[in-house]
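We name chains A, B, ... by the order of the sequence lines, and we start the count at 1 in each one.
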Amino acid sequence: MVEPRREDVIRCEGIWKIFGDKAQQAMEAVRKDGLSKREIHDRFDCVVGVQDASFSVGRGEIFCIMGLSGSGKSTLIRHINRLIEPTSGNVIIEGQNVNAMNPRELRALRAEKIGMVFQSMALMPHRTVRDNVVFSLEVRGVSEAKRAEVAARAIAAVDLTGWENRYPDELSGGMQQRVGLARAIAADPTILLMDEPFSALDPLIRRQLQGTFMELSAELHKTTVFITHDLDEAIRIGDRIAIMKDGVLVQIGTPEEIVTRPADAYVAEFVAGISKLDLVTAARIMQPLGQYEQENGPQDHAAWPVAKPGDKLNELVDLAVNTDHPILIAAEGQPVGVVSKRALLRGIQGREEGKAA
Amino acid sequence: MESSFNWLNPFAAVDLGIGAWADGIKQWAISNREMIQPIKRFFDGVIVGIEGALQAVPPMVMLAILGLIAWQTAGRRAVWVVVACLAILGFLAPEAWGLAMTTLAIVISSVILCVLIGLPMGVLAGKSDRFEGAIRPVLDTMQTIPAFVYLVPVVMMIGIGNVSGVIVTIIFALPPLVRLTSLGIRGVNPAVVEAARAFGATPGQILRKVELPLATPTILAGLNQTIMLSLSMVVIASMISVKGLGNEVLRAMGRLDAGKAIVGGLGIVMLAIVLDRITQGLGRSGRDRGHKPWWQTGPVGVIAHLLGKTN
């Protein structure tokens, strides 16, 4: 996973979180003997929340952590701003070790560099929308005038202008989470932590807010860690996805990698129902031109529709419905491969056909 | 007697001398009275000052002031209850109003001290399980031990009068405020506290900006209970020479004078209704008030509105 040119904003190194009174002893035993989760539970009466999680997030990247409830994803995200102390391991943000910070430095980091959005919204019911949004500036002692200016901008960014003086209980769920989003971006942080921000909303509003978030994200270019239990959401939003199961990061990769090359049966089961149409590219399913000609004889492909290797299956389908020919895949004007109807249909199903056969 | 030790009833034969030991505390209190006197004089001065102020206001003016306070805290409908109760109180007997003001002064002094002691204790108890565990039996004791038990030591140490009256009142009236403050702090949504932490608030800021405001309705319910319990102590306090409505009841009991007892008793009830209405209104949440800040409602709101028009 090491890409040297990319600048890492968040780096998590071997994070362990063991809950229980004897967490430290359990950690020692894990280091020495490599105990399993069950052994830790039986011998120390401790529960493993996160097990040896390492990952890094590059500048401007949206990193999704996907897992079912209880998989430890919410615990993991809270290590990044140290709402939870790791039993072992380090979190490094822009070269600074978060776990070595004193309380004052930590508060500065939380208020100025990290914005967080919560599943439960966690707005302060006794404060107006405006006062909720600029809470992080208020605790840093920013002047009233500056706060009003920042609040107006952040509230406008989530389309809530005109609601500044309302209270959270006067807003619908979707609007409340917009306030949560505005609060997270108000201090113009480098990092956004999104803890299942849209899970509590109904599907229509969720889609709408995902849209708002992606627009904002494209505009502000924040480094984001996004927690979700919904793989569709992860694929829609994430540049890269990490699949988490029982405290372990099972697989980290781009949406296409996760869907086409699941690391184990668990991930495979997850991605089975996911539509490949907008994920898988022609390059993944095409047969090299030479091989195709070997099997089927020399071809006259002047009448064939042409697509690029990076085109998604959806676009290939559009081409295929208008012709009886296979599709020619050309990179920079040079034909490189062929996608037959059969390969295309198998690709949509998620099986690779004719490529290696 | 020695030979009669019985395993089935060992208690009769053993005397640990707890009564005598407690009596020793009393003796110690008597011999150390001089130390306490300056403190006592200070508090006595404060109480007398409050009483003097209350007595100096003409009854009709005081009635108007309390009516306006009720309007501010509890809304227009409470005004009529408060005014009616105060009128009944005044008409009970020619001297009833003055006695009621004396009682009110004692209650106000007790409640102020209860808040000063109880609020920090309640916050601490809300934050620390260990502190909560430690003070819970103390609070239980304070609420259930008969007042007559501590009446004597308090009088021995401080002497009869207003200050002792306030002390015995505090012992009885403090616990609900501590308990409900702790309950209020513990009841604050942990997600909101976590959000405050995630945005860089210090523990002090979390307490001031999040926990105390959100716990306010519960804390004010505790304050209401503390006021009610303070009022219920006025008859007992009058046994150690505290003046006021309670003293009327006590004297009527001695003389079997039912008429006087009713004057004192009804007076206490009327005062209780007035204080209850005023403080119950305080606990309404922002949503109940239509999310208007307090200075935009009630008489203050009217005045502010008028001032805003003329300017």
Run the side-chain donor-acceptor check on residues 220-229 of chain B: report pairs under 3.5 Å with partners two or more places apart or on a different chain.
residue  : atom : partner  : partner atom : Å
B:Asn224 : ND2  : B:Asp276 : OD1          : 2.9
B:Asn224 : ND2  : B:Thr279 : OG1          : 2.7
B:Thr226 : OG1  : B:Ala173 : O            : 3.0
B:Thr226 : OG1  : B:Gly222 : O            : 3.2

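- The two residues B:Val192 and A:Leu123 have their closest heavy-atom pair at CG2-O, 3.6 Å.
- For A:Arg82, the part sitting under 4.5 Å from any heavy atom of chain B is the backbone (N, CA, C, O) and nothing else.
- No more than 12 heavy atoms of other residues, nucleotides or ligands shown are found within 6.0 angstrom of CG on A:Asp21.
- Distance check: A:Met121 CE to B:Asn189 CG gives 12.5 Å after rounding to the nearest 0.5 Å.
- By the neighbour-count criterion of 12 heavy atoms within 6.0 Å, atom CZ of B:Arg136 is sparsely surrounded, having that number or fewer from other residues, nucleotides or ligands.
- Contact of the A:Arg110 side chain with the B:Phe199 side chain is not registered, since no non-hydrogen atoms from C-beta on lie closer than 4.5 Å.
- Looking at A:Arg104, there are no atoms closer than 4.5 Å to chain B (heavy atoms on both sides), in backbone or side chain.
- The stretch residues 200-210 of chain B places B:Gly200, B:Ala201, B:Thr202, B:Pro203, B:Gln205, B:Lys209, B:Val210 near chain A, each with some heavy atom under 4.5 Å from a heavy atom of that chain.
- Put simply, CG on A:Asn81 and CD on B:Glu194 are 8.0 Å apart, with the number rounded to the nearest 0.5 Å.
- Summarising the geometry of A:Ala122 relative to B:Ala191, their closest heavy-atom pair is CB-O, 3.5 Å, with the distance given to 0.1 Å.
- Across every non-hydrogen atom of A:Leu83 and B:Arg197, the tightest pair is O-NH2, 3.4 Å.
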